[in-house]
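On a predicted model such as this, the values are computed, not experimentally measured, just so you know.
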Amino acid sequence: MKKDISHTIRRAERFPVILIGEGLLVGAAAGLVVLLYRLALTFAGNALCEILGFIGKDPLRILGWMAVLVLMAVIVGRLVKLEPMISGSGIPQVEGEILGKLSQKWKRVLPAKFLGGFLCILGGLSLGREGPSIQLGAMTGQGVSRLLDRGKTEEKYLMTCGASAGLAAAFHAPLAGMMFSLEEIHKGFSVNILISVMTASVTADFISSHIIGIDPVFQFSIEHALPQNYYWMLLILGVILGVLGALYNRLMLKAQDLYKKPAFLGVTGRLVIAFLAAGVVGLIMPSVLGSGNGLIVSLTAGEMTLGLVVITFIVKLLFSAVSFGSGAPGGIFFPLLILGALAGGAFAMAGVQIFGLDPMYINNFVLLAMAGFFTAIVRAPITGIILLFEMSGSVSQMLSLAIVSVAAYITATLLRSEPIYESLLGRILEGQGAKRQTAGGQKVLSEFAIMGGSVLEGRKVMEIHWPSRCLIVSLERDGKELIPRGKTILQAGDRLTVMTDERDAGYIHDKLENLCYTSI
């Protein structure tokens with residue numbers, strides 16, 4: 001054990017240099033994997049359009065397509081049974097493993113998630129590529145760590161690098177990939193992780209953009225920045241998006257509950273319902289199938305009326321709940337951006353009729369609402385602002401993006417709506433009986449920042465009731481490393497490095513985070 005502890009500490013001292021090289025390696029590997037996944041989903045979306053055009057209104061062809069959808073549901077069901085960790089978005093699973101509460105096997109997750117996500121998009125389910133891309137990237141990082149025989153502390157960093165690379169390659173958004181992986185997945189910032197994640201994210205984006213181009217994901221024009229005399233509308237929009245975001249979270253969780261009520265359905269039965277629903281929706285309103293990128297084109301080109309936008313929003317929302325609630329391998333990230341765009345478009349169109357808003361600013365509200373809706377649901381405002389800035393290529397909306405996002409954040413918080421990924425992770429842990437990892441016995445290093453006003457600020461180390469089975473190995477203050485002693489007085493901004501056993505990492509994380517962030 002002493003050898004394990006000393007080796008972990010000595011290697012941690014060289015992390016800044018080691019992780020830059022490994023971040024480059026993980027970024028390249030994850031970028032290639034996610035690029036292949038993105039190309040596969042593009043092919044699936046194009047193939048679906050051709051299939052729907054081919055079957056038309058022919059009853060026999062429709063029946064044949066329904067049979068194919070059932071077959072795809074059965075295949076995806078077998079994949080989910082083989083590897084339950086591929087179910088759903090994949091982001092809560094990655095977050096859970098980073099926190100030491102879950103365990104995944106990269107050799108099984110990578111192929112199963114890739115094929116499962118491909119079949120779901122081919123079937124037309126309202127799911128996105130971002131969650132699977134993040135999970136695929138993280139599992140690639142885990143694979144690199146295992147192949148290089150790295151320790152658990154290093155593996156967590158490499159998985160965070162992979163998650164960042166996955167989002168960067170999926171959306172041509174390296175800054176958002178970096179911020180999301182730190183803000184939502186790793187739950188912390190440090191020089192070690194920041195540099196390596198940035199390296200991985202930029203590397204993955206370079207590989208992806210080199211092959212498929214550097215055009216932003218959303219290509220619609222915003223002619224002028226929104227004048228400040230319209231900013232009062234942003235506050236109203238933010239409140240509406242906060243309410244809709246809380247509704248969205250509850251609807252997604254309720255859909256999961258409704259699917260689980262009939263015990264006879266099982267994993268495959270739930271997926272059959274979702275795939276058949278996609279078949280029916282494809283005959284009635286094919287525009288809402290898949291992630292829905294085509295809806296953005298129609299909306300921003302002025303091809304949709306207010307009534308059609310509202311109807312499309314409702315159908316897309318309900319179909320997204322049916323798709324995601326089934327446990328199909330796919331994300332909610334991209335579909336929720338589409339829903340936000342539709343909400344913003346409807347709000348702006350109503351504003352034109354009621355408040356005399358200039359129609360030239362409708363696209364501004366489409367973009368702003370995407371960021372606000374994302375913030376209300378995920379509760380990661382910085383990522384939302386940066387993501388929409390990168391995905392649209394527009395730099396003129398930063399102030400208005402911030403106003404809408406903050407208003408949506410506050411509203412969703414007041415409505416006591418939990419961030420969606422935390423809720424989903426809680427359900428996964430509850431379904432597993434909240435078991436801790438038992439495999440292995442490696443030592444893990446974790447970093448925690450002491451926040452102002454927390455129970456630790458201004459108190460001596462010896463006065464704190466620290467959780468058992470953990471060791472404080474260092475304290476960083478003003479860029480200098482100190483050795484914490486019993487009489488050391490802790491200050492706001494101090495960074496604690498704590499060592500614990502792998503199997504206790506999740507428990508220790510929750511306890512230390514509570515101490516560092518909770519006020520007296």
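- Minimum heavy-atom separation, L283 to I62: CD1-CG2, 3.8 Å.
- With rounding to the nearest 0.5 angstrom, the CG atom of L299 is 8.5 Å from the CD1 atom of I362.
- If you look at F355 and Y230, their ring centroids are not closer than 6.0 Å.
- Residues L48 and I121 form no side-chain contact, since every pair of their non-hydrogen atoms from C-beta on lies 4.5 Å or further apart.
- In this pair, F347 and F365 present their aromatic rings tilted. The plane angle is within the 30 to 60° band.
- Scanning all heavy atoms of the two residues, the minimum distance from L306 to A346 falls at CD1-O, 3.5 Å.
- Using a 4.5 Å cut-off on side-chain heavy atoms (C-beta onward), L234 and L226 make contact.
- A donor-acceptor contact shorter than 3.5 Å links the side chain of E130 to the backbone of F334.
- Panel note: side chain R379, backbone S417; a donor-acceptor pair is recorded below 3.5 Å.
- A distance of 12.0 Å separates OG1 in T199 from CG in L25, rounded to the nearest 0.5 Å.
- Side-chain contact between P227 and Y361 is present, with heavy atoms from C-beta onward closer than 4.5 Å.
- Of all non-hydrogen atoms in P286 and L52, the two that sit nearest each other are CB-CD1, 4.1 Å.
- Between the side chain of S208 and the main chain of A169, a donor-acceptor pair closer than 3.5 Å is present.
- Minimum interatomic distance between G31 and A204 (heavy atoms only, all atoms of both residues): CA-CB, 3.8 Å.
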Only pairs under 3.5 Å count here: list side-chain donor-acceptor contacts from residues 259-278, not counting sequence neighbours, and write none if there are none.
unit_1: Y259; atom_1: OH; unit_2: V322; atom_2: O; d: 2.8

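- With contacts defined as side-chain heavy-atom distances shorter than 4.5 Å, the pair I332/Y421 qualifies.
- Comment: D257 engages R427 in a salt bridge, judged by a side-chain N to carboxylate O separation of less than 4.0 angstrom.
- Listed here is the closest heavy atom pair of P92 and L425: O-CD1, 3.4 Å.
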Would L339 and F373 satisfy side-chain contact (heavy atoms from CB on, under 4.5 Å), going step by step from the backbone distance to the final call?
CA-CA 8 Å; L339 287 169; F373 199 54; 3.7 Å; yes
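- V280 places a side-chain heavy atom less than 4.5 Å from the side chain of M66.
- Of the possible polar contacts, one joining the E83 side chain to the M85 backbone as a donor-acceptor pair under 3.5 Å is found.
- M198 CE to S164 OG: the interatomic distance, rounded to the nearest 0.5 Å, is 9.5 Å.
- For S145 (side chain) and G141 (main-chain N/O), no donor-acceptor pair under 3.5 Å exists by modelled atom type.
- If you check the side chains of S323 and S126, you find no donor sitting under 3.5 Å from an acceptor.
- By the 6.0 Å contact criterion, CZ on R78 is open, its count of non-hydrogen atoms from other residues, nucleotides or ligands being 12 or less.
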Yes or no on ring pair (Phe, Tyr, Trp, His ring centres under 6.0 Å) for Y37 and F118, after CA distance, side-chain angles and deciding distance?
CA-CA 8 Å; Y37 183 68; F118 171 79; 8.7 Å; no
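- A distance of 10.5 Å separates OG1 in T160 from CD in E155, rounded to the nearest 0.5 Å.
- By the 6.0 Å and 45° rule, R61 stacks over the aromatic ring of F54.
- With a 4.5 Å cut-off on side-chain heavy atoms, T140 and V26 do not count as touching.
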I296 vs T300, test: side-chain contact (heavy atoms from CB on, under 4.5 Å). Steps then yes/no.
CA-CA 6 Å; I296 295 289; T300 56; 4.2 Å; yes
Quick one: do I212 and H172 satisfy side-chain contact (heavy atoms from CB on, under 4.5 Å)? Show the steps, please.
CA-CA 10 Å; I212 61 178; H172 183 41; over 6 Å; no
Give the intermediate values and the outcome of side-chain contact (heavy atoms from CB on, under 4.5 Å) for residues L60 and W65.
CA-CA 9 Å; L60 289 178; W65 176 235; over 6 Å; no
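- A donor-acceptor contact shorter than 3.5 Å is absent between the side chain of N249 and the backbone of P419.
- Distance check: L237 CG to Y231 OH gives 13.0 Å after rounding to the nearest 0.5 Å.
- Ring geometry for F180 against F374 counts as tilted: the plane angle lies between 30° and 60°, on a 0 to 90° scale.
- The backbone N or O of R38 lies less than 3.5 Å from no partner atom in the side chain of R129, so there is not a single donor-acceptor pair.
- Of the possible polar contacts, none joining the Q142 side chain to the M159 backbone as a donor-acceptor pair under 3.5 Å is found.
- A donor-acceptor distance shorter than 3.5 angstrom exists from the side chain of K316 to the backbone of V288, with no hydrogens or angles considered.
- Annotation: side chain of Q135 is not in contact with side chain of L110 (no heavy-atom distance under 4.5 Å).
- With rounding to the nearest 0.5 Å, the separation of CG in L167 from CD1 in I134 is 4.5 Å.
- Taking each heavy atom of V404 and G372 in turn, the nearest pair found is CG1-CA, 3.8 Å.
- Residues E97 and K156 form no side-chain contact, since every pair of their non-hydrogen atoms from C-beta on lies 4.5 Å or further apart.
- Formation of a donor-acceptor pair under 3.5 Å by the E95 side chain with backbone atoms of E422 is not found in this model.
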